[in-house]
Amino acid sequence: GKQQLQKNICDPYYDYFRSLIMVYSYQFSHWLLEYFLPVAHDPKRPDVVVANIEEFAAIVKTYQKDPCRRLIPTILNNNTYSVQYRLDPSLNESMWIPSSQWIAEQFNAPGQNRKQGQQGQLQ
């Protein structure tokens with residue numbers, strides 16, 4: 001049969017990718033907490049129902065945290081929707097950031113050998 005390749009999103013190789021998607025997770029969480037849940041609290045809005053608002057809010061807040069516990073958010077320009085995730089400095093590691101050439105090779109050369117990207121740190 002086919003041999004399955006197992007990948008773990010928490011591997012350091014995926015830190016950069018997670019740093020990008022965590023921005024959307026953070027923004028979604030903030031929007032739910034800032035705009036959706038207040039409407040669910042409003043007695044004038046019986047059309048918006050959340051069974052257990054406190055539990056839902058607690059779950060939604062976890063969307064702001066890297067599930068792998070390697071990245072930490074930094075709010076930019078005092079704007080809660082402008083956030084960047086960086087590698088936790090206590091890990092004493094650098095984040096692998098793919099070069100534009102590496103990205104182009106991934107999408108433009110199907111079936112060819114993939115080259116390793118450049119090593120760097122997220123600024």
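Position 1 is the first residue of the sequence; numbering continues from there. Only heavy atoms go into these numbers, but all of them, side chains included; no hydrogens, no water, no symmetry mates.
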Aromatic ring pairing Trp102/Tyr13, orientation class (parallel under 30°, perpendicular over 60°, tilted between): perpendicular
Lys61 side, atom NZ; Ile59 side, atom CD1 - distance, nearest 0.5 Å: 12.0 Å
pair Asp15-Cys68: side-chain heavy atoms closer than 4.5 Å: no
Donor-acceptor under 3.5 Å (Gln84 side chain, Thr74 main chain): no
Verify same cluster id: Ile72, Leu20 (apolar side-chain graph, 4.5 Å): no
Flag side-chain contact, heavy atom, 4.5 Å: Tyr85 against Val23: yes
Shortest non-hydrogen contact from Ser19 toward Leu71: N-CD1, 3.5 Å
Joint cluster assignment, Ile97 & Val83, ILVMFWY side-chain distance < 4.5 Å: yes
Spacing of Glu105 atom CD and Ser99 atom OG [to the nearest 0.5 Å]: 7.0 Å
Expected output: side-chain Asn77 to main-chain Asn79 donor-acceptor under 3.5 Å: no
Transitive ILVMFWY side-chain link Leu76 to Ile21, under 4.5 Å: no
Heavy-atom closest pair, residues Pro43 and Pro46: O-CD, 4.0 Å
Beyond-backbone contact of Tyr26 with Ile75, side-chain heavy atoms, under 4.5 angstrom: yes
Euclidean distance, Ser90 OG relative to Arg70 CZ, rounded to 0.5 Å: 9.5 Å
For the student: nearest non-hydrogen atoms of Ile9 and Phe17, plus distance: CD1-CD2, 3.8 Å
Derivation and outcome, side-chain contact (heavy atoms from CB on, under 4.5 Å), residues Leu32 and Phe28: CA-CA 6 Å; Leu32 288 170; Phe28 180 58; 3.4 Å; yes
Side-chain heavy atoms of Pro73 within contact of Gln64, under 4.5 Å: no
Same apolar cluster: Leu91 and Tyr16, side chain cutoff 4.5 Å: yes
All pairs passing salt bridge (Lys or Arg N to Asp or Glu O under 4.0 Å) where residues 47-57 contributes a residue, at least two apart: Arg45-Asp47
Nearest atoms (heavy-atom pairs only) where Cys10 meets Arg18: CA-NH1, 3.9 Å
Single-linkage hydrophobic cluster, 4.5 Å side-chain cutoff, Leu37 and Tyr63 together: yes
For the student: nearest non-hydrogen atoms of Phe36 and Val50, plus distance: CE2-CG2, 3.6 Å
pair Val48-Asp42: side-chain heavy atoms closer than 4.5 Å: no
Exercise: identify the closest heavy-atom pair between Leu87 and Ser94: CD2-C, 3.8 Å
All pairs passing side chain to side chain donor-acceptor pair (under 3.5 Å) where residues 30-41 contributes a residue, at least two apart: His30-Thr80
